[in-house]
Number of protein chains: 2
Amino acid sequence: MKAEIITIGTELLLGQIIDTNSQWIGQKLAEIGVDLYYKATVGDNKKRILDTLQSSIERSDIIITTGGLGPTQDDLTRECIAEALGLDLSKNEDLLEEIKGYFNRMGRNMADNNIKQAYLPEGAVAIANSEGTAPGILLDQAGKIIVAMPGVPIEMKAMMVETVLPYLKKKFSKAEVIKSRVIKTCGIGESSLEELISDILIEQTNPTIAPLASQGEVKLRLTAKADSEEEANKLINLKEAKLRERIGEYIYGYDDDNLEGVVAKLLWARKLTIATAESCTGGLIGDRLTSVAGSSAYFERGVISYNNQAKVDLLKVKESTLKKYGAVSSQTAEEMAKGVRDLAKTDIGISTTGIAGPGGGSIEKPVGLVYMAIADKNGVESYKYQFNGSRGKVKYMTSQVILNLLRKKLLATS
Amino acid sequence: MKAEIITIGTELLLGQIIDTNSQWIGQKLAEIGVDLYYKATVGDNKKRILDTLQSSIERSDIIITTGGLGPTQDDLTRECIAEALGLDLSKNEDLLEEIKGYFNRMGRNMADNNIKQAYLPEGAVAIANSEGTAPGILLDQAGKIIVAMPGVPIEMKAMMVETVLPYLKKKFSKAEVIKSRVIKTCGIGESSLEELISDILIEQTNPTIAPLASQGEVKLRLTAKADSEEEANKLINLKEAKLRERIGEYIYGYDDDNLEGVVAKLLWARKLTIATAESCTGGLIGDRLTSVAGSSAYFERGVISYNNQAKVDLLKVKESTLKKYGAVSSQTAEEMAKGVRDLAKTDIGISTTGIAGPGGGSIEKPVGLVYMAIADKNGVESYKYQFNGSRGKVKYMTSQVILNLLRKKLLATS
C-alpha cells in the first residue's frame, strides 16, 4: 500500500506555520506498516490543489489530506476531491444536524457558511470531529482511499486515532510490522563511519540502514519489516550486533538518548561527582550537564572563567603558565581542570579553553582551536581540537567532544 | 517566478525528524517576493526523486532541494538532478581541493567516498559551504534555476544567506517588493498582547500583522507590499510607530535579534561588565551571554553554584541565610548576585536560583518557582517567578526573564 500526504494551506508555503501534522501522520502510518512515498504541500489555489490530487491519485493507493475543510472561501479541499474523481457534492442532512448540534452545545450561532461543511462527495462518509466543527471525509472506491481532515492538529489527531487508523488497519490487516531503531554515534564523521561498515551497508535489505549526520554526531537508522514486533526486534538486534563489532566504540546511545544523559547515567552508576571549568564554551557544558533531571546528584559546580583573572583567582591557574603558553593552551586547560576539581572537591574536573571566533584568531592559534582537559584521581589529560564554522558551532562541537571523551573515560574506569 | 521546494530524505517521511528547512526557506522566498507554489518531500529513492524533480522542472522556474548531498550511498540528489536534465556529472578538481582542504583544517582524513561531493552536473557551479563539507549546487540554464543544498539546517541557511538569496534577488528584481519586519516582544503573553492591539489587528491590510508565539517571546510579523523598498519600509515604519505607542515597553528587537544580543549592545554602549551566579539555569545564561561575538568585552566570569557549598565558598552566601530561607529564596538570590559582583569586581552581578523540576518541589516551593536578582552600584533587586512546563522550559524561561529584566534596567540607567 503506497500512501501520500497532501497538506493544504498558503500559510504553510509562506512559512508562517510549521507543518507538524505530516510528521505525526508519517509516524503513525509507519507504525501500522503503510509505506509513505510522498508528502506535498500546496496553497489555497483550486488549480494547484486539483493538479496535486490528480497526480497523487494516479500513483498511490491512499491519499491523506489536511487543511482546507473550513467554512471560508479559501477552503477548497472538499470540492477539489469531488472534482478530481468526477463526483457530485451533495448536502447530508444528518451531518448538518450534527454541525448545528456542535454550535448549540458551544452556545454559539452557526453561521450560514458552515452549511458548506455538510456537503460530501457521492459515496463518501463523514469522519466525526470530536474536537471541532469541520467533519472529515473518507472515500473508499475503485481501489483508492481518500481521507480529508482539518489542519488543526488536535482535530486531525482525534480523527486519525478514532477513525482513520482503525479503518486502515482493518482494511490492510497484513501481519507486517515496521520497527525502527536509531543508533547514535559520536567522534567519527559520516563518511569515515560509512567506510567502516560499507559492506554491511551494501548488503542491507531487512533491516535497512540509513546514515544521518547532524551537528557533532552521526545516526544510523535501522528499519526492519517482519510479521511481528518480536521478529522485527530480533532482526534489528542481529544487525546491531554486527555493527557494534566494527563501530562499537563510537556508539553512545539510541533513539532519544543524548550525550549529557548518557554521561549522567555513567556518573550515577559510578557514584562520581563532577565540576566544570569553562572558558570558550561559556557555560554550555554546565547547561547540558544540568539539563538532566536529578543532575544535582553528580554536578557540584562550574566556573565560567572567561577572563584570565578568573582563571587565576578561582582555578589557581599559574600566571606564569598564562604568560608562557597563553590562555589557549594544553597547559592552561590542564591547570583549569585540576583547579576546578580541587576547588569543588569532586571526583572529576573538566575544562575547555579556545578561540570560538569569529575574531581573536592568529596564525599560531586560529579560530576554532580548542584545548580541553579531564582531571581525575589518576591525574590530568588534555586534548587539542581544531573546529571550524560559526561561533555557535565551535562552542557546541567543543561540548560534544568533551562529553564524548568523558563518556569513554568513564566506560574505561568501571 | 514560480518556485518549489523539494526536501529529500526517508527520515522525513517516517516522521523521525521534522522539516524545519522548508518553513525557513518559504519565509525567505516570501521576503524577496518569490512565489512558492509547492513543497514536496520524497524519500531516498532514485525513481521517486527523479519523478518529483521532473514534474517540478516542468511546472516551475525555481526548484530548491535540501538533503541527499552527503557522501553516502543513499545520497542521490546530485545524480538525480543531472539525470533529470540529461546532463553529465564531472569531477571538479578545484572543488575537490576545497573539500580536501576542509578535512585538512579539521585534522581529519578525507574518506574516498567524499570524492563524490566534488562532482557537479555540466554547467553547474558549486555553492560554498561555510559550515560543512558538502558543497551545494546552483544550475541556471534554459530558464530554470535549480538549487541543491544539504539538509543540515546550519549549512543550508549559510548557503541561502550567503549565495542563493543574493543570486535570486539580483536575477528577479521585479517592481513589486514584499518587505517583512519581525518585531520581537518579551514579558507579555500572546493573548494579552493581542488584546492591547486588537483594533490595529482588525484594521490591518497593508502591512499585514501576524502574531507568532514562541518560547518566552511573542513576535509580530509586519509584511508590506509596495512599488519600492523605500515605500514598503515607510508603510512598515508607520504601523510600527502605532504599535509602539501601545506595546513599546515589551519590544526588545527586530528580525534576527535575540535578547542576549540586545543586552550585549546595551552593556557595550554603557561600558559595563557583568558576572553571573547561576543555580537552576546551570550555565545557560553564561552560554547565552557568551554566544555574542566579542562577549569578552563585558562578560567577566560566571559561577554555576549548583550545590550550597559552592554558594557559600565562592559567592559568600551566608550559611544562616541558606538555613533560614533556603537556597530557593529572594534572600539567597540577592546574596548570590551581590556575591558574584564582588568576586568578579564587575559593574553588574545577576543570579538565578529555583526548582527546575521535575522532582524537588514542595507545597511551599513548587516546581517552577524561581528567584532572580540583579546587583549593581545602587544595590540589589530580586524577582520571584512561577513558571510551568518541563525542566528545559523552566531553565529557558528563567534565562529569558532575567535577560529581559536586565535589558529594562540597563535602558533605565542611560
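Order of the sequence lines fixes the chain letters, A, B, ..., with proteins taken first and strands second; residue numbering starts at 1 for each chain.
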What part of A/Asp255 lies closer than 4.5 angstrom to a heavy atom of chain B: side chain, backbone, both or neither? neither
Could you tell me which portion of A/Ser191 (side chain, backbone, both or neither) has an atom closer than 4.5 angstrom to a non-hydrogen atom of chain B? both
Is there a donor-acceptor contact under 3.5 Å linking the side chains of B/Glu162 and B/Ser130? yes
Given that the side chain runs from C-beta out, which part of A/Ile202 has a heavy atom under 4.5 Å from chain B: side chain, backbone, both or neither? both
Are B/Ser180 and B/Thr223 close enough that a side-chain donor and a side-chain acceptor fall under 3.5 Å? yes
Below 4.5 Å from any heavy atom of chain B, which atoms of A/Phe387 appear? Answer side chain, backbone, both or neither. backbone
Is it the side chain or the backbone of A/Asp19 that comes within 4.5 Å of chain B heavy atoms, both, or neither? backbone
For A/Arg221, is it the side chain, the backbone, both or neither that has a heavy atom under 4.5 Å from a heavy atom of chain B? side chain
Residues 11-35 of chain B vs ring-ring contact (aromatic ring centres under 6.0 Å, His included), sequence neighbours excluded, gives none
Contacting moiety of A/Ser55, where chain B heavy atoms sit under 4.5 Å: neither
Non-hydrogen atoms of chain B under 4.5 Å away: do they reach the side chain of A/Thr208, the backbone, both or neither? neither
Cut-off 4.5 Å, heavy atoms of chain B, and the answer for A/Leu212 is side chain
Residue B/Val152 versus chain A: region with a heavy atom under 4.5 Å: side chain
Check each atom of A/Glu278 against the heavy atoms of chain B and say whether the ones under 4.5 Å are side chain, backbone, both or neither. side chain
Suppose we screen for salt bridge (Lys or Arg N to Asp or Glu O under 4.0 Å). Which residues come up paired with B/Lys311, at least two apart in sequence or across chains? none
Select one option (side chain, backbone, both, neither) describing which atoms of B/Ile5 are under 4.5 Å from chain A's heavy atoms. neither
What part of A/Ala344 gets closer than 4.5 Å to chain B, counting heavy atoms only: side chain, backbone, both or neither? neither
Which residue out of A/Gln27, A/Glu194, A/Arg59, A/Lys28 racks up the most heavy-atom pairs below 4.5 Å with chain B? A/Glu194
Flag the one option from A/Ser296, A/Gly357, A/Cys280 with the top tally of heavy-atom pairs under 4.5 Å to chain B. A/Ser296
